[in-house]
Amino acid sequence: MIVELAPRFLTWDDVDPTRQAFDAASVARTVRSLGPARCVPIRPDIPFGDPAMSAWSRGEAETWADAMSFALVQHYGRWTVGWRWSHDEGDFDGGPVGNWCCPRDSITTPEETLTRVEAALREWREWLEYLVGWFEAYPLDLSDIASQRIRWERSARNLILQVVDRTGCGSGWHGHCRQVLTWFLDHWGVSPEVARGLVDEAIGGRFHSWTGPDTVVVDDVAEQLASSLRPADGRGGADAPAQDHVRRWLAVRESVPWHEIPDGGNDGPVVPLRDGAAQDIRAFDGAIAPARAQGLLSALELLRVDAARGARLDFTLLSSWQQHVLDAPRPPRFRTAPAFAKGSRERYGIGPDTRARFDACLAGSASDAGRPLGLTARAARACLDVCFFHPFDDGNARSAFLTLVFVLAREGVALDGVSLLRRISFEADAPQDPLILVRYINIHLAETRRRAAGSTGSASR
């Protein structure tokens, strides 16, 4: 699972400033041209300790900050999500940014807030450029590791100390330290997967929040990291066969113990106090662009009509919703070429039977009395089918979300919150991700039932 707007998931391919154009002089103009700049929330004039302040910060304010992150990603690239990675216990623990903290503290007036966004984005970019300067200070060659170990060790030690200084060793600082060391190895040709394992093994849990590491520990981590490197740790060659993540997902799909997953939907229909899907669309997508929100809301209205009549879920039905999502003149067709996602780290192949296999998978979202499968498991599986078959040229994440909502709605279930179900993505070959998604649906469903029951109880008294 990847939280799309969380910087700790950023790879070196995502953030390498030599690949990402950026004009610092135009940041103010760019930030103010984005959709969220037109609807900055105003912090309520109440004490910080008031529960209403916490509700505002976690709700309206955080959704706006997410929308700004999304808009920046759309304009500049995924590297920008680090603008909110503040020191200590901010939006994301242990980051290198001092110009942003969290919605409660950093969102004030529109002008002050947008100025903080600009400053935080510049600060994050400057840090990335500073890091690549350190990476390049000692040119390294993985194929000649034996004669360069001291140089690798010295570079790793210096980077740890740079992160220590930049983050101040607050809450969670060691997460960014692991990331920077992984980026360093990746920059010099080590496979990212291998790099993560080597870094974790070298650190071995010896870095802690709110505590600066001893010099002896820093030296030992750097030495272990350098001594563990091998020429074979490099990336695969350019001639390596292209992977098909549709096939990888289908293999994972078959291995998941779907029938053993606890089902939060087995208590029958539930009517929420509020429409969580529509509320999130208005707050998040509406901040990005009103037209984007309107398209999703139109699709949401249509899918609920389809759910009420018990429509069969297939590509044709999805395409009828996607026409509204994309504001297209006609329902979009199934893609005809391989598709890519997550910075091209996932490739979804295409073949003569891809659409038929997709429809066959979606058909399993319906209730089956012969081999019953829990509602929330079926909703999660259908959502992930859309993610990894990637049927459309654009808007697949939104289509997957609508699919999840539809499968629940077809059996009379709606949610009053969806915060755990959006702004996240999953990996096609990660067997734990389906379990995480089902758990998140169950959490939202349990909370929806609790609030609905509480309201009924209050009304009867």
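Computed from a prediction, not measured in an experiment: that's the story for all the values here.
Annotation: Arg333, atom CZ; neighbour count of heavy atoms from other residues, nucleotides and ligands within 6.0 Å does not exceed 12. The local environment of CZ in Arg247 is sparse, with at most 12 non-hydrogen atoms from other residues, nucleotides or ligands closer than 6.0 Å. Heavy atoms from other residues, nucleotides or ligands lying under 6.0 Å from CZ of Arg357 number 12 at most. Environment of CD1 in Ile46: crowded, with over 12 heavy atoms of neighbouring residues, nucleotides or ligands closer than 6.0 Å.
Side-chain contact, Trp249 with Asp385: a donor N or O sits under 3.5 Å from an acceptor N or O. Side-chain atoms of Asn442 and Thr376 form a donor-acceptor pair, as typed in the model, at a separation below 3.5 Å. A donor-acceptor pair shorter than 3.5 Å cannot be found between the side chains of Glu223 and Ser227. Glu346 and His390 share no donor-acceptor pair across their side chains, judged by distance under 3.5 Å alone. Judged purely by distance below 3.5 Å, without hydrogens or angles, the side chains of Tyr130 and Gln162 pair a donor atom with an acceptor atom. Checked by atom type, the side-chain pair Thr11/Asp13 shows no donor-acceptor distance below 3.5 Å.
In this structure the side chain of Leu229 reaches within 4.5 angstrom of the side chain of Leu185, judged on heavy atoms. For the pair Met68 and Trp83, the minimum side-chain heavy-atom distance is below 4.5 Å. Side-chain contact between Pro44 and Met53 is present, with heavy atoms from C-beta onward closer than 4.5 Å. Within the 4.5 Å cutoff, the side chain of Ser365 has no heavy atoms near those of the Arg381 side chain. Side-chain atoms of Val217 and Asp214, non-hydrogen and from C-beta on, do get closer than 4.5 Å to each other. Residues Pro391 and Asn396 are in side-chain contact: their nearest non-hydrogen atoms beyond the backbone lie under 4.5 Å apart. For the pair Pro213/Val164, a side-chain contact is recorded, criterion being any heavy-atom separation below 4.5 Å from C-beta on. Within the 4.5 Å cutoff, the side chain of Phe184 has heavy atoms near those of the Ser155 side chain.
Atom-to-atom distance recorded for His87:NE2 and Trp100:CH2 is 14.5 Å, nearest 0.5 angstrom. Once rounded to the nearest 0.5 Å, the distance linking OG of Ser106 with CG of Asn99 reads 9.0 Å. Glu193 contributes atom CD, which lies 9.0 Å from atom CG of Asp186 (distance to the nearest 0.5 angstrom). We find the CZ-CZ distance between Arg125 and Arg122 to be 13.0 Å, quoted to the nearest 0.5 Å. The line from NE2 of His324 to CG of Leu297 is 12.0 Å long, rounded to the nearest 0.5 Å. One distance of note links CD1 of Ile441 with CD1 of Ile261; it measures 9.5 Å at 0.5 Å rounding.
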*Applying ring-ring contact (aromatic ring centres under 6.0 Å, His included), run through Tyr348 and Phe340 and close with a yes or a no.*
CA-CA 6 Å; Tyr348 312 108; Phe340 299 85; 8.1 Å; no
*Going through the distances and angles, do Thr336 and Ile350 end up as a side chain to side chain contact (heavy atoms under 4.5 Å, CB included)?*
CA-CA 7 Å; Thr336 57; Ile350 187 74; 5.9 Å; no
_Stepwise side chain to side chain contact (heavy atoms under 4.5 Å, CB included) check, Ser319 with Phe392_ = CA-CA 8 Å; Ser319 185; Phe392 301 107; 4.2 Å; yes
*With side chain to side chain contact (heavy atoms under 4.5 Å, CB included) as the test, would you mind laying out the steps for Trp124 and Thr80 before giving the verdict?*
CA-CA 8 Å; Trp124 171 245; Thr80 56; 5.7 Å; no
*Worked check of side chain to side chain contact (heavy atoms under 4.5 Å, CB included) between Trp12 and Gln179*: CA-CA 9 Å; Trp12 184 240; Gln179 183 182 47; over 6 Å; no
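Comment: Arg345 engages Asp14 in a salt bridge, judged by a side-chain N to carboxylate O separation of less than 4.0 angstrom. Remark: Arg84 engages Asp66 in a salt bridge, criterion side-chain N to carboxylate O under 4.0 Å. Electrostatic pairing of Asp233 and Arg230 does not count as a salt bridge here, judged by no charged N lying under 4.0 Å from a carboxylate O. A salt bridge links Glu447 to Arg451: one of the charged nitrogens lies within less than 4.0 Å of a carboxylate oxygen. In summary, Asp285 and Arg398 do not engage in a salt bridge, as defined by a charged side-chain N under 4.0 Å from a carboxylate O.
For residues 196-206, the side chain to side chain donor-acceptor pair (under 3.5 Å) pairs, not counting sequence neighbours, are Arg206-Asp220. Among residues at least two apart or in separate chains, side chain to side chain donor-acceptor pair (under 3.5 Å) pairs with a member in residues 44-57 are Trp56-Glu60.
Residues Phe207 and Trp173 bring their aromatic ring centres within 6.0 Å.
Between Ile281 and Ala293, the shortest heavy-atom contact is CG2-O, 3.6 Å. Residues Cys387 and Ala400 share a closest heavy-atom pair of SG-CB, 3.7 Å. Between Asp91 and Cys102, the shortest heavy-atom contact is OD1-CA, 3.2 Å. Across all non-hydrogen atoms, the minimal contact from Val438 to Ala380 is CG2-CB, 3.5 Å. Nearest heavy-atom pair across Trp85 and Gly94 is NE1-C, 3.8 Å.
In this structure, Arg423 forms a cation-pi arrangement with Phe284, its terminal cationic atom sitting closer than 6.0 Å to the ring centre and no more than 45° off the ring axis. Taking the ring axis of Phe401 as reference, the NZ or CZ atom of Arg422 stays within 45° of it and closer than 6.0 Å to the ring centre.
By the 30° and 60° cut-offs, the orientation of the rings of Trp321 relative to Phe406 is tilted. Ring geometry, Phe389 versus Phe358: the interplanar angle falls from 30° to 60°, so the pair is classed tilted.
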